[in-house]
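Side-chain atoms are counted along with the backbone in the values below, which use heavy atoms only and exclude waters and symmetry mates. The structure displayed is predicted, hence computed values, not measured ones.
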Amino acid sequence: MSVPEKDLDFENLLIYLRQSRGFDFGGYKRSTLMRRVRKRMQSFNLENFEDYLDYLEVYPEEFNYLFNTILINVTSFFRDAAAWENLIEQVLPKIVSNKGNSEQIRIWSAGCASGEEAYTLAMVMAELLGPEQFRQRVKIYATDVDEEALNQARQAVYSSKDVQSIPLQLREKYFDLLGNNYIFCQDLRRAVIFGRHDLLQDAPISRLDLLVCRNTLMYFNSETQGRILIRFHFALNDTGYLFLGKAEMLLMHSNLFTPVDLKNRIFNRISTLNMRVDSQRLVAKQRFLGMTNSEEDESNNRLSRYVRLREIAFDLASIAQVIVDVNGSLVLINEQARSVFGLSPRDLARPFQDLELSYRPIELRSLIERAYSERRTITLTNVERYLPNAEMQYLDVRITPLQDIDSNFLGVSITFHDVTRYIQLQDALQRSRQDLETTNEELQSTNEELETTNAELQSTNEELETTNEELQSTNEELETMNEELHSTNEELQTINHELNQRTTELNRTNVFLVSILRSLQTGIVVLDNSFNIFIWNYVVEDLWGLRTDEVMGQSLFSLDIGLPVEQLRSPIREVLSGKKHFQEMILDATNRRGRKIKCYLAITPLSSTDIEGAILMMADIDRVNSMISVQEIEERRQQQQ
């Protein structure tokens, strides 16, 4: 039977994951596995598995995201509360009562994810035994293949949302609150041992009283589930219990476990007992000893008919069956066995080890020896047999030792029950249930996301409404502010107009003042309170040879002119301090032409309400006298006329 190309690409991807990372997903359901791998592929717009394999080779960090997608860690404290309640009330007390006062109680949480289930077991056992007895007697082994989930479990830190399903009394008793997080009690935490474990590849933890594996088996196909359940059967004590998830059943493995509470998926391990078959073939002959010939003939006829009847019934049985005597020879084959395994009457009396049936589809010789040595029936379920047309046949094989009345072995009966159709139907039903469960979990997860999104949208909408109110209020304030600014602008325009008028008047006054200063024949210097010059008229320029732009803002006492300015310091200070309102003097000086002159100086305060500076008037006395003489001559000439 040919395999589609896409399936071949997917199988190559699984081989690559096993060889490069040690994760064997061969036993997982193909439909579920493909759907989750495609979910990762959609993130990169990849169409086929071959392209995704190439992507993994180039970007190895993608492995972590892929494994987290495949290994869905859906768990919670007290998940399915009704099942836990039944476990606490009906099962755990029996486990404790079956143990001595000092015997250890061993529990395994397989597929523990982030640890909620393991800590739930710790809490209920501590409540049942008391903290002291719990610490001394209980060991809880919690395993998973996901290292990231195990790291989270080891920290034992959970959010307030995570612990909502824990009853308040237990939450306060077994958790410490740190900030917004809850931390499981460190004293009891030591009894929980976390470790990585692959249910398909690693040896199971043994001598268990309780094995909890909830909603983990549903991800595996029927064949893989059978292998895992055989390991679970080996791991449990004879009185041990198996606690599964609500989506999981054991209909195909009723020979390993019997239901204690089918609704809540709690099962009890079945101890395999020896099955003995007593043969009565010689009894009939012994019964006839000592009888008359006619009576013996009649009895022989009845015995012959009885034996023939059994042979016909054996031959026509619907289950394939062969009988091997204690010497290892094939002595009986029924019609179904001849048809299924291609045997014929010529094979009778042949050594069983020479027949293909002895080692295919399963090695039977060692199992026959085991049945003899253990004196019990050996049962194997779901044995795979490859048919010539490439189809798979599943058989339940039972090897039953046959004993005489004196308990001596006569041989073994080997039956082959074809359960292919049953497994196919069960597998289809299981797949449907698991797919439905997975879909339900995904829908539940999606619903929770939608609820969260809806809450966020509602919160965002409320924030937007609040922001809109604030913006509306701000807009009103801006409108009011705009009106105030408009009014202020009008006032500023009025003030600006007034300032322009004043500036015009000031300029006019300044021109007038400059004209007056220019018309004066006396030098004028105006100082501020710091002796800095801010008026220096043209007469002073001509007298000392310095332009106005050279002295403006300079201290009078820093000028290098022919006037002994240091002699003016004290008189100017007296005027500035208000001690004197007028000072005058005549100083010897040298004008800009180097000629010695007598300089007349008058000092008065520059004041309005306060003294703001000093006014210095200075003139060359000889020049003033000369101008007076010229003026007198002109006046006399006019008088004579």
Side-chain angles (χ1 to χ4, degrees), residues 14 17-18 20-29 32-33 36-37 40 63-80 83-84 106-123 125 138-159 162-163 165 183-184 188-206 208 210-221 224-225 227-229 231-232 234-236 242-248 265 434 437-438 441-442 445:
L14 296 185
L17 294 178
R18 183 175 68 248
S20 61
R21 284 296 187 273
F23 276 87
D24 186 1
F25 295 110
Y28 283 64
K29 288 186 176 181
T32 303
L33 201 57
R36 292 185 181 162
V37 173
R40 282 303 304 168
F63 281 104
N64 293 332
Y65 300 104
L66 174 62
F67 293 156
N68 287 337
T69 302
I70 293 176
L71 304 172
I72 297 178
N73 295 320
V74 180
T75 185
S76 63
F77 292 98
F78 293 97
R79 188 181 188 188
D80 303 328
W84 277 99
R106 294 164 62 85
I107 301 174
W108 181 14
S109 172
C112 68
S114 50
E116 286 90 334
E117 187 176 84
Y119 293 124
T120 301
L121 288 166
M123 284 187 283
M125 289 302 296
V138 178
K139 287 292 182 183
I140 299 174
Y141 301 92
T143 65
D144 204 284
V145 294
D146 190 342
E147 282 288 359
E148 185 176 341
L150 286 173
N151 289 334
Q152 182 181 349
R154 291 186 181 102
Q155 294 174 8
V157 178
Y158 299 95
S159 67
D162 295 333
V163 300
S165 57
I183 304 175
F184 188 73
L188 302 183
R189 162 71 179 82
R190 300 185 184 93
V192 185
I193 303 168
F194 290 96
R196 187 186 182 282
H197 184 277
D198 190 328
L199 294 177
L200 296 176
Q201 300 182 26
D202 299 328
I205 298 169
S206 61
L208 298 172
L210 174 63
L211 200 164
V212 180
C213 182
R214 313 196 68 224
N215 298 325
T216 299
L217 292 178
M218 67 180 186
Y219 297 114
F220 299 99
N221 59 34
T224 307
Q225 287 182 15
R227 289 165 54 194
I228 294 174
L229 286 171
R231 289 168 178 248
F232 285 177
F234 170 80
L236 285 166
L242 176 63
F243 185 23
L244 298 180
K246 62 181 181 181
E248 297 160 325
R265 305 297 189 266
Q434 292 171 356
E437 178 68 19
T438 303
E441 290 181 357
E442 292 175 352
S445 176

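- Applying the side chain to side chain donor-acceptor pair (under 3.5 Å) test to Tyr158 and every residue at least two apart in sequence or in another chain returns nothing.
- In terms of modelled atom types and a separation under 3.5 Å, the side chain of Ser165 and the main chain of Phe77 share a donor-acceptor contact.
- Once rounded to the nearest 0.5 Å, the distance linking CG of Asn151 with CG of Asp146 reads 9.0 Å.
- Nearest heavy atom pair, residue Cys213 against residue Leu244, reads O-CD2, 3.3 Å.
- Using a 4.5 Å heavy-atom cutoff, the side chains of Glu117 and Arg79 are not in contact.
- Across all their heavy atoms, Ser109 and Leu121 have their closest contact at CB-CD1, 4.2 Å.
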As a quick check of understanding, evaluate salt bridge (charged side-chain N to carboxylate O under 4.0 Å, His left out) for Arg214 and Asp80, giving each step before the final call. CA-CA 10 Å; Arg214 313 196 68 224; Asp80 303 328; 3.1 Å; yes

field: Pair Phe243-Phe232, ring pair (Phe, Tyr, Trp, His ring centres under 6.0 Å): steps then yes or no
entry: CA-CA 11 Å; Phe243 185 23; Phe232 285 177; over 10 Å; no

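- Rounded to the nearest 0.5 angstrom, Leu210 CG and Leu236 CG are separated by 8.0 Å.
- For the residue pair Ile140 and Ala118, the shortest heavy atom distance occurs at CD1-O, 4.1 Å.
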- Query: Run the side chain to side chain contact (heavy atoms under 4.5 Å, CB included) check on Glu116 and Phe184 step by step: do they pass?
  - Reply: CA-CA 10 Å; Glu116 286 90 334; Phe184 188 73; over 6 Å; no

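- In plain terms, the two heavy atoms of Arg265 and Gly245 that are nearest each other are CG-O, 3.1 Å.
- Using a 4.5 Å cut-off on side-chain heavy atoms (C-beta onward), Arg154 and Arg189 make contact.
- Minimum heavy-atom separation, Pro204 to Ala235: CB-CB, 4.1 Å.
- The only member of Thr143, Leu150, Thr75 that meets side chain to side chain contact (heavy atoms under 4.5 Å, CB included) when paired with Cys112 is Leu150.
- Interatomic distance, Leu199 CG to Asp144 CG, rounded to the nearest 0.5 Å: 8.5 Å.
- Put simply, the side chain of Arg106 does not reach to within 4.5 Å of the side chain of Trp108, judged on heavy atoms.
- Within the 4.5 Å cutoff, no side-chain heavy atoms of Phe194 are placed close to those of Gln152.
- Side-chain contact between Lys139 and Ile205 is absent, with no heavy atoms from C-beta onward closer than 4.5 Å.
- Annotation for Arg36 and Thr438: closest pair NH2-CG2, 3.2 Å, computed over non-hydrogen atoms.
- A donor-acceptor pair is defined here as one N or O able to donate and one able to accept, closer than 3.5 Å; such a pair exists between the side chain of Arg231 and the backbone of Asp202.
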